[in-house]
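The structure appears below as structure tokens.
For ligands, and for the atoms within them, numbers begin at 1 and follow the listed sequence. In what follows, every heavy atom counts, from backbone to side chain, and hydrogens, waters and symmetry copies are set aside.
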Amino acid sequence: MTRTNKLLAAVLLASTTATAAPPPPWMDKALDPDRRAALLEAQMTVDEKLTIIHGPMGRPRLGIPKPERALGSAGFIPGIPRLGIPDLQEADASVGVTNPGNVRPGDGATAFPSIMALAATWSRALAYRQGVALGNEAWSKGFNVQLAGGINLMREPRNGRTFEYAGEDPLLAGILTGDAIRGIQSQNVVSTIKHFAFNNQESARFYADAQIGDAAARESDLLAFEIGIETGKPGSVMCAYNPVNGRQACDSDWLLNQVLKRDWAYPGWVMSDWGAVHATDNALHGLDQESGEQLDREVYFGAAFADRVRKEPAYRARLDDMVHRILRSLFAVGVMDRPAKLAPIDYAANGQASQAVAEEGAVLLKNKGDLLPLKGAKRIAIIGGEAQFGVPSGGGSSSTVAIEGPGLQIPVMGTGVLGSPRLMIYHPSAPVDAIHTLLPDTELIVDDGRYLSSAARAAASADVAIVFATQWATESYDIPDLSLAIGQDATIAAVAAANPRTIVVLETGGPVLMPWLDKVSSVLEAWYPGGRGGQAIANLLTGRANPSGRLPVSFPASLDQLPRPELVGAGANGERPPAGTKPLPLPLKEGADVGYRWYARQKTKPLFPFGYGLSYSSFDYSGLNVTGGATITASFIVRNTGRVTGADVPQLYLTSLAGTQELRLIGWDKVQLAPGESRRVTLTADRRLLARFDEKAHAWRIPTGRYEVALGSSAADLGARAEVTLPAASFKP
Ligand code: BGC
């Protein structure tokens, strides 16, 4: 044997001996996650326990360097190598694995459409698929925690983060967010659900005090979280920046200890939002981990916490519980059994998932004279929206640099939080190129939309004009109003005046007003459509894809229709205020009547209702049959009455609760049908949606009486109705 061979043999022998040692008892997959966590905790010293309850950002910030082992991301919690507890490498967010400040030089990711677009698909299968792709990418980049699962309901359409959230309805948002979380975690990556709770706007986000009663809270935003947690079983809940009913969310005994951990028996851990911890005793009120600690006024879960643990039994007990919750989730999600590591990523497959969401999430709002899909046009004018460069994306911590590159970046309004640049980032998927690829024989006249005269001239010279209109939205800043900025409303009006065959493609974070609606033929809401957005839009415009998105939010006709026509805290951006800043009351007077329920209660008509969306096909419903009992089950037939294959989203609403008028989505399905094809759909209501929360009894209550349901194609287009009598019932949360 040569010297090298001998060495190799010795190394091989050593490694065989090492792998032959029996795995520690907590690595026994046959045991449940709680037992495994308990076995591991028993091996930990108090000092070791103290290290995993707080950590800094995963990148250099505020004079604190990137932790040595951090891969570079939003957050980092050092693990305990001696016991095989991995570092928590925490990456943002729901629409891609982000690379903040380019900390991992040049590392792009699949840019998924906004969560608003995902919610607009109303498709559980797609929510799961996006989650799987995102989770797989996170895992393959070495991340084991994905800060996804944004689910704050849209109470304020000007909220700069509307695009990160799943709309205004607790059932739709809860189920789809839960499915996306389930997908992420199927890849052995912990997902959060966030921001718990009532972080419904960015203006004054650190001190706008959301005020809402217990029952209204449980029937709305908390129900969305509850359903999301049941569906997705996220390993972690991220508590929010804002106060709720006078207590900071990360210090709210009511939210964290009573609702989440007691009533819902949530077994995972509560991590803070970055800079949302206010004192060491937040731990006693339910907070388990301090994230991004250099953003807090001091590190509350570091030395100060250790000191309390030595002196106060309550902190000692809390420490054990905090550690148990963290480890339990790492076992439950499979982080311990299949640790994340660098691996090749199938970007082509993930790009297809992204495009599928963009195609199914786009909502056709108007289509006069069936101008869409495009047919036979010889000259098309394409105006505005930087459509020759790409498609816009949302800003802030979720901002993802597409694998195809960052594309066009337009600086907007100075600087954002902590001096970060505010950039409107376009994914380089240009609608103009994609349309040209699909319609190579059509002449495209591209106009940037800067001058009304030039835009109008281009439109007048073409058979059809397509205006791309964009809205930029970002974390830490609310949109001042719902107009299309920098004169785009005027551009659309000028184009429509020059050529009535005008199609508007909206690329927005959420709702906008449409003063020009009567003048244009067609409107397609494409949201932020992600890294393949250009191709998706071209497929939709040309009929290769049939629109099947439905609005997950109501579009108001004017700001006066909103519960708060004036934005509370308008102009106050998302920066942390000076110490001692008084809370700003934010009364949520709509209570549980969020979105379409508010319009129904006020008897006002929004511009476009929740649930609304057109197709290139048409559908009808028949044979509604409803049975009562412990809950309501409805079945009916959906038929494609059009000439092309398409998908429909029949929706079931509760319209009367024990004789009192109500409006609640209680079920839906997404059905793909060939022309003439029909299918029977059966829906069963979640009992909480038939109940009211009784604060005194601390229980859900279904009063006996007549319950009416209606089948519809939106919250405002209700057709067949049926009634059942339900017996009284009461059940604990
Ligand atoms: C955001 C969170 C995000 C965190 C880490 C915060 O500013 O509110 O959604 O996960 O930063 O980047």
Quiz prompt | side chain to side chain contact (heavy atoms under 4.5 Å, CB included) partner of K49, chosen from L319, L327, I326 | solution = L319
Quiz item: After noting the C-alpha distance and the side-chain angles of R218 and D263, does the key distance pass the salt bridge (Lys or Arg N to Asp or Glu O under 4.0 Å) rule?
Solution: CA-CA 11 Å; R218 299 210 190 224; D263 294 347; 2.7 Å; yes
Self-check item: Proximal atoms of ligand 1 relative to A74 (non-hydrogen, under 4.0 Å)
Solution: 5 (C), 12 (O)
Quiz item: Between the candidates T192, D273, T98, which shows the shortest non-hydrogen contact distance to atom 8 (O) of ligand 1?
Solution: D273
Quiz item: Do F610 and W122 have ring centres separated by under 6.0 Å?
Solution: yes
Quiz item: Looking at L147, which atoms of ligand 1 are within less than 4.0 Å of one of its heavy atoms?
Solution: 10 (O)
Exercise. Check R161 against ligand 1 and report side chain, backbone, both or neither, counting heavy atoms closer than 4.0 Å.
Key: side chain
Quiz item: For the residue pair Y300 and F305, is the inter-centroid distance of their aromatic rings smaller than 6.0 Å?
Solution: no
Exercise. In sequence, state the C-alpha distance, the side-chain angles, and the governing distance for R247 and D209, and then conclude on salt bridge (Lys or Arg N to Asp or Glu O under 4.0 Å).
Key: CA-CA 8 Å; R247 294 302 291 231; D209 180 19; over 6 Å; no
Self-check item: Protein residue, atom and distance nearest to atom 10 (O) of ligand 1, heavy-atom basis
Solution: D92 OD1, 2.6 Å
Quiz item: In terms of atom number and element, which parts of ligand 1 are under 4.0 angstrom from non-hydrogen atoms of Y241?
Solution: 6 (C), 7 (O), 8 (O)
Quiz prompt | Sub-4.0 Å heavy-atom approach of M238 to ligand 1 | solution = yes
Practice problem: Kindly indicate, with the supporting measurements, whether the criterion salt bridge (Lys or Arg N to Asp or Glu O under 4.0 Å) is fulfilled by D179 and R129. | Solution: CA-CA 9 Å; D179 285 331; R129 185 171 163 199; over 6 Å; no
Quiz item: Between D107 and K141, is there a side-chain N and carboxylate O pair less than 4.0 Å apart?
Solution: yes
Quiz prompt | Atom indices of ligand 1 within 4.0 angstrom of K194 heavy atoms, with elements | solution = 2 (C), 3 (C), 9 (O), 10 (O)
Practice problem: Please verify whether a non-hydrogen atom of E475 lies at under 4.0 Å from ligand 1. | Solution: yes
Exercise. Please identify which atoms of ligand 1 are closer than 4.0 Å to at least one heavy atom of H195.
Key: 2 (C), 8 (O), 9 (O)
